[in-house]
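Proteins get letters first, then strands, A, B, ... in listed order; numbering begins at 1 in each.
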Number of protein chains: 2
Amino acid sequence: MANLRRRDVLPTGEAEMLEALHLRKADFAKGEEIVADGSRPHSSCLLEEGLAARSVVRANGSRQLTALHIGGDFVDLHGLTLREMDHGVVALTACKAVFVRHEEIRTITERAPHLTRLLWLLTTVDAAIQRRMTTLMGRHTPLERLGHLLCEMYVRKEAVGLAQEQQFKLPVSQAVLADLLGLSVVHTNRIVKDLRATGLVSWHQHNVRIHDFPKLARVSGFDAAYLSFRCEPR
Amino acid sequence: MANLRRRDVLPTGEAEMLEALHLRKADFAKGEEIVADGSRPHSSCLLEEGLAARSVVRANGSRQLTALHIGGDFVDLHGLTLREMDHGVVALTACKAVFVRHEEIRTITERAPHLTRLLWLLTTVDAAIQRRMTTLMGRHTPLERLGHLLCEMYVRKEAVGLAQEQQFKLPVSQAVLADLLGLSVVHTNRIVKDLRATGLVSWHQHNVRIHDFPKLARVSGFDAAYLSFRCEPR
DNA sequence: CGAGCTTTTGAAGAACGTCAAGAGTTGTGG
DNA sequence: CCACAACTCTTGACGTTCTTCAAAAGCTCG
């Protein structure tokens, strides 16, 4: 709900509808598949804790992670309309998730138009993030891609209370990072090294600290506008 | 409407609601901006004729086209929820477009839940295409990217009656293609040459003919499932 | 303490971008 | 209908970036 309240006023009636949803809880271990590629789910996954990613695996074994999801993200809400998954969702760390039946979300579309538009918004924000990802892969250097990823993660985590004081956890191996950035593991390692050399971030274990956010944002071409963190009528 | 009917049954009442929308018509010349990056539109653009693209231009002048749109596409429907454009829309050829006021679409969300879900679907399909684009940029060779683009264009054009007999028009220069594929113009030219050399497509002037669609699809890793061209309850 | 994962580094080769120039095509005005 | 300019396509040469292969060092967890 924090993701909604950061973007529009949530009337009590709508908040109550969300509270009243029947949730099926499920835990996942690191590496486990949360939603299978090609499946036809009857419920959508809301991530409560942990880090997950959308994943496409090619026949030759190469993997592309197209998006990163954190606690509070309604991960596969678009499954409601798409019906068939065109990708999988995988747990990058141990995850706690809850599932909401599509039937109940459909009921929201019948009874709560404004709340419907807010849920719709969540999917269009995901799309905006995806669009940004495409430009990153196409026209940004690896260093910019990585810097941009860190900026985005900080802003998104901060919005739901998972980051503060320019610092957050990013518990992923460089192999995972490589699959996100579309690079080889070796090159990813060199880019991480380069980024550290700029002195803009400290990055030990899985703790990232951004020393000069405005400068990192400038260097990476990051501008938070596409995340739609602005409370206004939708 | 063809885009909706290819994906679910459209009851007469809903079709009538769409017919009743007030449309503002506008024509655009090749290269003209249809929607400005960073603007806050109060209406959404439905492309009737021509080819348009979502475009992000960087400070250094490099351009990334993140999506291609053809006649029948509801180009910036997501603007309804996002409010502020995180990219521009540009006419790649002369275009005819109509604009629908957000106010009227919001009325649809108040009165026609199923139609709302279908409009929502259009935006999630766009997102799925965008997701595919990301994997293309990240883990596919330039030849695969180009082949994939041709397969997708054929299937999408065929769905709205703009292609038949494995043949369609793609009236774009190789510079535009380069901005779509995230390559330099020179390299794009070499990839087009390579693709022609495979004998899988003829490509003269702006006419593309795919001689062996299944093989081109196999070579490029194309699978139309992500386009959700399947008529089922949504 | 040892096995397996992760990070790091080096070296060689393939892929891609940039620069440059020539050929072909299209559009426009006279 | 022609001439010219502007754009577009094509090719070569060269340098940079990125991948791949290989191996060593560090870390984590049983």
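To the nearest 0.5 Å, atom CG of residue Leu181(A) and atom CE of residue Met133(A) are 7.0 Å apart.
Between Arg145(A) atom CZ and dC18(D) atom C1' the separation is 10 Å, expressed in whole Å. Between the P atom of dC7(D) and the NZ atom of Lys30(B) lies a distance of 10 Å, rounded to the nearest Å. If you measure from atom CD1 of Ile191(B) to atom C1' of dT11(D), you get 15 Å, rounded to the nearest angstrom. Note: NE2 (His204(B)) to P (dT26(C)) measures 14 Å, nearest angstrom. In this entry the distance linking CH2 of Trp203(A) with C1' of dT6(C) reads 14 Å, nearest Å. Atom CG of Asn60(B) is separated from atom P of dT18(C) by 10 Å (rounded to the nearest Å). In this structure, Met137(A) atom CE and dC16(C) atom C1' are separated by 16 Å, rounded to whole Å. Straight-line distance from the NE2 atom of His140(B) to the C1' atom of dC16(C): 18 Å, rounded to whole Å.
Across the interface with DNA chain C, nearest-nucleotide mapping of Arg139(A) and Ala175(A) shows Ala175(A) to be the residue nearer the 5′ end. Each of Ser173(A) and Pro142(B) was matched to the nucleotide of DNA chain C holding its nearest heavy atom; the match closer to the 5' end belongs to Ser173(A).
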Between protein and nucleic acid, restricted to nucleotides 8-11 of chain C and to nitrogen or oxygen atoms under 3.5 Å apart, what atom pairs and distances do you find?
from	atom 1	to	atom 2	distance (Å)
dT8(C)	OP1	Arg196(A)	NH1	3.3
dT8(C)	OP2	Gln174(A)	NE2	3.0
dT8(C)	OP2	Asn189(A)	ND2	2.7
dT8(C)	O5'	Asn189(A)	ND2	3.4
dT9(C)	OP2	Lys193(A)	NZ	3.3
dG10(C)	N7	Arg190(A)	NH2	2.6

Distances under 3.5 Å only, N/O to N/O: pair up the protein atoms with those of nucleotides 27-29 of chain D.
none

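No salt bridge links Asp76(B) with Arg54(B); every basic N to acidic carboxylate O contact stays at or beyond 4.0 Å. Ion pairing between a basic and an acidic side chain is recognised when a charged N comes within 4.0 Å of a carboxylate O; Glu152(A) and Lys157(A) show no such pairing. Ionic pairing of Glu84(A) and Arg230(B) is present here: one or more N-O contacts between side-chain nitrogen and carboxylate oxygen are shorter than 4.0 angstrom.
A cation-pi arrangement is present between Arg7(B) and Phe229(B), with the terminal nitrogen or guanidinium carbon under 6.0 Å from the aromatic centre and inside a 45° cone about the axis.
Between the side chains of His87(A) and Arg131(B), at least one donor N or O lies within less than 3.5 Å of an accepting N or O. For the 3.5 Å distance criterion, the side chains of Thr134(B) and Gln130(A) qualify, holding a donor opposite an acceptor.
Leu177(B) places a side-chain heavy atom less than 4.5 Å from the side chain of Leu146(B).
Across Met137(B) and Leu180(B), no two heavy atoms sit closer than the pair CE-O, 3.8 Å.
Residue-level contact check: Ser184(B) touches the bases, meaning some heavy atom is under 4.0 Å from a base atom.
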